[in-house]
Structure formats: structure tokens, C-alpha cells
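All values below were derived from every heavy atom in this structure, side-chain atoms included, with hydrogens, water molecules and symmetry-related copies excluded. A quick note: this is a predicted structure, and the numbers were derived from the prediction, not measured.
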Amino acid sequence: MKKALFYGILSSAFFAFTFVLNRSMNLTGGYWVWSASLRYFFSLPMLFAIVAVKGNVKPVFEEIKKKPLPWIIWSTVGFGLFYAPLTWASEFGESWLVASLWQLTIVAGVFLNPLWGKKIPVKSLITILIILVGVFFMQWENFINGSEQKNVINCVILIAIAAITYPLGNRKMMSICEDRLDTPQRVLGMTICSIPFWILLSLFGGFTHGVPSATQSIQSLLVALFSAVIATLLFFQATNMVRNHPKQLSMVEGTIAGEVIFTLIGGILFLHDSIPTGIQFIGIGLILIGMILNCRVASEEGIE
């Protein structure tokens with residue numbers, strides 16, 4: 001369990017590149033559609049190479065052939081309907097503010113348990129509540145500012161969609177694959193099966209805004225490497241370690257809250273984002289406390 005938590009926290013550090021670089025592309029005039037689709041176009045050959053080195057590509061296609069429609073549907077949900085809204089949200093706020101709203105995925109992850117006939121872990125609700133209060137504090141000043149309310153609402157709607165579809169697609173694919181594929185194979189398969197969605201989205205982007213710039217392409221390549229490959233593999237490996245234990249699974253998914261801290265640091269250093277106010281720092285502190293309590297509760301379960 002401790003190893004799964006470590007992987008989860010490490011993945012949150014790499015996931016932070018998503019928010020920082022997406023915001024950077026937005027500030028330099030990059031269209032969100034290209035920021036989203038290029039990430040998966042670039043990550044596909046990287047993932048293919050990782051799996052091919054071990055000679056494990058053939059089983060991926062064999063599994064997809066068994067249930068092609070479920071693979072396409074849940075890969076599109078878990079990758080397409082997750083990342084497109086998340087990238088779009090970068091138009092409506094600074095990188096660390098978007099990352100703070102993304103913590104809604106922690107709530108979604110816990111409340112998805114009943115879909116698999118499992119109970120909602122009661123102890124986890126306490127840590128989730130602390131994290132959500134922290135998110136509320138971070139967003140409060142923007143919400144009461146009349147000129148920013150629309151941006152906050154747009155962010156909430158888009159990220160709420162992403163927060164539900166990401167753990168839903170991940171868990172559905174774990175159920176479909178069971179133990180027949182390892183984490184890199186499953187991520188490769190999901191990337192392949194989500195490509196039709198990204199092709200359609202990129203066609204829309206091309207017709208409405210033209211082709212992406214060289215700068216946006218390079219930044220999208222970095223997102224693909226750090227987030228789509230490294231962070232996704234780490235996070236999926238962490239959730240796979242505890243997939244049969246709903247309490248631990250919810251706790252590992254909760255480590256994603258670390259993105260807020262890592263994104264805050266990156267946004268201030270590289271994008272010159274505004275420094276959080278007093279109440280926003282309180283919110284950051286609450287998120288950290290929630291993460292620490294999450295880890296403590298997990299260690300009490302005694303699962304290694």
C-alpha cells in the first residue's frame with residue numbers, strides 16, 4: 001500500500017506539467033483542441049515503444065479484438081472525455097486554480113464504488129471533506145468577484161465532467177482487462193482505442209483554427225512525455241496495486257491532490273502566476289492535511 005501511495009504522489013508531480021503547459025499554450029494563443037489531441041498523438045508511439053521493448057504488443061491487440069466496442073467506449077470515456085474538458089478548462093483560470101478544481105476527481109472516485117457493488121469507505125469521506133474545503137477556500141475569492149464568476153462556473157462544469165470520466169474509464173478498463181494485461185499494456189490499448197476521438201477532435205480544430213504552431217507542438221510533446229506517459233503509467237500502476245480494495249483505491253486516487261501544490265510552484269516560477277492570497281494558502285494547507293490523513297488511514301489498513 002505504501003508503494004502505491006508513493007507512486008500516486010509521484011504521478012501527481014508529473015501530472016502538474018499538464019496544467020502548467022496547457023496554461024502556457026493558452027497564454028501564447030494555442031487552441032485547446034490541439035493541446036488535447038496532440039498529447040495523445042505524441043504519446044502513442046512512446047507507449048508503443050515501451051510495450052514493444054518487452055515484446056508485449058501482441059496481447060494488447062488480442063484483448064482489444066475480444067471486446068472492441070467496450071474498449072473503444074471506455075477508452076474514449078477515460079481518456080477523451082477526461083482530457084478534452086480538462087484542457088479546455090485552462091482557458092478559464094490560472095494553472096493552479098484549474099488544478100485545485102480538478103480535485104473533484106477524489107470525490108468522484110469514492111462515489112463510483114457502488115457501481116461495482118462496493119461500499120463507500122466512510123473514513124475516507126472525512127479526508128475528502130477536508131480536501132474539498134481547501135478547494136473551496138482556494139476558489140472563493142474568484143467566485144465572489146463578479147467578473148470571474150463565469151470563468152469559475154465554466155471551470156467547474158468542465159472539470160466535473162473530467163473528474164467523473166477519468167476514474168470511471170480507468171476502473172471499467174481494469175475490470176475488462178482483469179489481470180491479462182499489465183499497466184503499460186492497458187494504457188497503450190486505451191490510447192489506441194481513443195485515437196478515433198482525437199482524430200475527430202483534431203479535424204474540428206483544423207477546420208476552425210488551422211494547424212498548431214511549432215511552439216504548441218513542442219509543448220504538447222512535453223505534456224505527452226511527462227503526463228500522458230510517465231504520470232499515467234505511475235498512476236495506473238498505483239491504482240492497479242489496490243484495485244481489489246475500495247478503501248485503498250480511493251486513497252490512492254486521493255494522492256492526485258498533490259497536483260495543486262506542484263502546479264502552484266510551477267505556475268509561479270514559469271508562468272508568473274499570481275501568488276495565492278491568505279485564504280487561498282489556507283486552502284492549500286487543508287489539501288495537504290487531507291493528503292496526510294489519507295496516507296495515515298491507508299497505513300492503518302495494514303496492506304502493503
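Looking at L286 and I131, their side chains never come closer than 4.5 Å, going by heavy atoms from C-beta outward. Side-chain contact check for C177 versus R186: some heavy-atom pair is nearer than 4.5 Å. The side-chain heavy atoms of P59 and R180, taken from C-beta on, include no pair separated by under 4.5 Å. P184 is not listed as a side-chain neighbour of L47, based on a closest heavy-atom distance of 4.5 Å or more. Residues I218 and L221 form no side-chain contact, since every pair of their non-hydrogen atoms from C-beta on lies 4.5 Å or further apart. Using a 4.5 Å cut-off on side-chain heavy atoms (C-beta onward), Q280 and W96 make contact. Between T255 and S12, the closest side-chain pair of non-hydrogen atoms is not below 4.5 Å. Contact check for C193 versus I64: side-chain heavy atoms found under the 4.5 Å cut-off.
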Check: Step by step, would you call F270 with F17 a ring-ring contact (aromatic ring centres under 6.0 Å, His included)?
Finding: CA-CA 11 Å; F270 301 110; F17 282 98; 8.2 Å; no
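Heavy-atom contacts from other residues, nucleotides or ligands closer than 6.0 Å to CD1 of I275 number 12 or fewer. Atom CZ of F42 is surrounded by more than 12 heavy atoms from other residues, nucleotides or ligands within 6.0 Å.
If you check the side chains of T18 and S227, you find a donor sitting under 3.5 Å from an acceptor. At a cut-off of 3.5 Å, with distance as the only test, a side-chain donor of S35 or Q216 sits close to an acceptor on the other residue. A side-chain donor from one of Y83 and N22 sits under 3.5 Å from a side-chain acceptor of the other. Side chains of D273 and S95: a donor on one and an acceptor on the other come within 3.5 Å. With 3.5 Å as the limit, one finds no donor-acceptor pair spanning the side chains of S202 and W198.
Checked against the 6.0 Å centroid criterion, the rings of Y40 and F79 qualify as a close aromatic pair.
The distance from atom OG of S194 to atom CH2 of W71, rounded to the nearest 0.5 Å, is 11.0 Å.
Hydrophobic clustering of Ile, Leu, Val, Met, Phe, Trp and Tyr side chains at less than 4.5 Å, counting indirect connections, unites F61 with M173.
Note: W32 and W88 have parallel aromatic rings, judged against thresholds of 30 and 60 degrees for the angle between ring planes.
Within the structure, the salt bridge (Lys or Arg N to Asp or Glu O under 4.0 Å) test picks out the following pairs touching residues 66-93 (sequence neighbours left out): E63-K66.
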